[in-house]
Amino acid sequence: MLSARVRAETARCGRCQQRSARVHGRYARRLRDVAVARTGLLLEVRVRRFRCDNATCPARTFVEQIEGLTSPHARLTSRLRGVLTQIGLALAGRAGSRLASVIGVAAGRDTLLRLVKALPEPPKTPITVLGVDDFAFRRGRHYGTVLIDMDSHRPVGMFDGRDGDSLAEWLRQHPRDRGDCRDRAGGYGEGARCAAPQAVQVADRFHLWQNLGQAVPARGRHHARRGAAATREEDRDPPS
């Protein structure tokens, strides 16, 4: 455990942003911080509660915050919160919890998911290139469609089924000017042509590579058969 205190003479109110030097009281905050050599670190910080001098401010008192270290009511430092949030984004619940325990900052799966859910929504930007692909709720039985902003690589929509009519309805509600990067399914193509005839449709990278992989071995087998036939012709005895 490490102990620390703030040496500044004044603090800024979190409501009105006005500074105050009138100390109302003191107490100790304990915050978990990032691990050192895979050992969990606990900080004990002596903080002060100030009286707000702004008569129009709804906050009568406030607790000083340390920039980059504390936030109101938090039991984790800002650094540890950032680390656990990134682990949650990368690995989600159970796997993220296992990794966190290995590096010395044990956290349950619910904590990781709560940190991810608390992230602010990313700012909305115009969608210029839309990715369209299907996915399985239950393979072989129940499918849906996911829509991706290809510039930011973020999902922007999802609907049940993988038919062109549903895609066309979504495109009418979200008009764009440039293009669609889509699955090779004919229903998606027809839906895009109906609702966004000005958009340029292109096949996504996965299906291009898949088609190439299917075509190249077939062409190789064709040349191999031709080579074997030519060899057999050469091995035949010439007519007398």
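Of all heavy-atom pairs between H153 and M150, the closest is CE1-O, 3.4 Å. Minimum interatomic distance between A35 and I103 (heavy atoms only, all atoms of both residues): CB-O, 3.3 Å. For the residue pair R79 and G68, the shortest heavy atom distance occurs at CG-O, 4.2 Å. Contact record, A107 with L112: CB-CD2, 4.3 Å, taken as the closest heavy-atom pair. Taking each heavy atom of R29 and A74 in turn, the nearest pair found is NH2-O, 2.9 Å. Shown here for C16 and C13, the closest heavy-atom pair between the two residues is N-SG, 3.7 Å.
Contact check for L41 versus V34: no side-chain heavy atoms found under the 4.5 Å cut-off. Two residues are said to be in side-chain contact when any heavy atoms from C-beta on lie closer than 4.5 Å; Q65 and P72 meet this criterion. Side-chain contact between C57 and F62 is absent, with no heavy atoms from C-beta onward closer than 4.5 Å. Contact of the V45 side chain with the L31 side chain is registered, since non-hydrogen atoms from C-beta on lie closer than 4.5 Å. Taking 4.5 Å as the limit, some side-chain heavy atom of F135 sits within range of a side-chain heavy atom of M158. Between T70 and V47 there is no side-chain heavy-atom pair separated by less than 4.5 Å. Residues L167 and E190 have side chains not in contact (no heavy-atom distance under 4.5 Å, counting atoms from C-beta outward). Under the 4.5 Å side-chain criterion, counting only non-hydrogen atoms from C-beta, L130 is in contact with V156.
Interatomic distance, M1 CE to D33 CG, rounded to the nearest 0.5 Å: 13.0 Å. Note that CG of L69 is 6.0 Å distant from CG of L43, once rounded to the nearest 0.5 Å. Atoms CG and OG1, from D151 and T128 in turn, are 3.5 Å apart once rounded to the nearest 0.5 Å. The distance from the SG atom of C52 to the CD atom of Q17 is 10.0 Å, given to the nearest 0.5 Å. To the nearest 0.5 Å, atom CG of residue N54 and atom CD of residue Q18 are 4.5 Å apart. Separating the CG atom in L76 from the CG atom in L84 is a distance of 6.5 Å, to the nearest 0.5 Å.
Using modelled atom types, one side-chain atom of R38 and one backbone atom of V102 make a donor-acceptor pair closer than 3.5 Å. Formation of a donor-acceptor pair under 3.5 Å by the T10 side chain with backbone atoms of A21 is not found in this model. Using modelled atom types, no side-chain atom of R162 and backbone atom of Y188 make a donor-acceptor pair closer than 3.5 Å.
Residue pairs meeting the salt bridge (charged side-chain N to carboxylate O under 4.0 Å, His left out) criterion with at least one member in residues 57-72, sequence neighbours excluded, are R48-E64. The list of salt bridge (charged side-chain N to carboxylate O under 4.0 Å, His left out) pairs with a residue in residues 3-16, not counting sequence neighbours, is empty. Under the side chain to side chain donor-acceptor pair (under 3.5 Å) criterion, no residue pair touches residues 89-110, with sequence neighbours excluded. Residue pairs meeting the salt bridge (charged side-chain N to carboxylate O under 4.0 Å, His left out) criterion with at least one partner in residues 19-28, sequence neighbours excluded, are R22-D53.
In this structure, H73 places its NE2 atom where only 12 or fewer heavy-atom neighbours from other residues, nucleotides or ligands lie under 6.0 Å away.
Hydrophobic clustering (ILVMFWY, side-chain heavy atoms < 4.5 Å, transitive): L2 and Y27 are in one cluster. Residues V116 and I87 do not share a hydrophobic cluster, clusters being chains of Ile/Leu/Val/Met/Phe/Trp/Tyr side chains in contact below 4.5 Å. Put simply, F137 and V146 are part of the same group of oily side chains (I, L, V, M, F, W, Y) that touch within less than 4.5 Å, one to the next.
For E44, the side-chain hydrogen bond (donor to acceptor under 3.5 Å, both in side chains) criterion is met by R30, not counting sequence neighbours. Remark: S166 pairs with D163 by the side-chain hydrogen bond (donor to acceptor under 3.5 Å, both in side chains) rule, at least two apart or across chains.
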- [ ] Please assess L42 against R32 for the test side chain to side chain contact (heavy atoms under 4.5 Å, CB included), listing each intermediate value before the final yes or no.
- [x] CA-CA 5 Å; L42 184 65; R32 293 173 55 205; 4.2 Å; yes
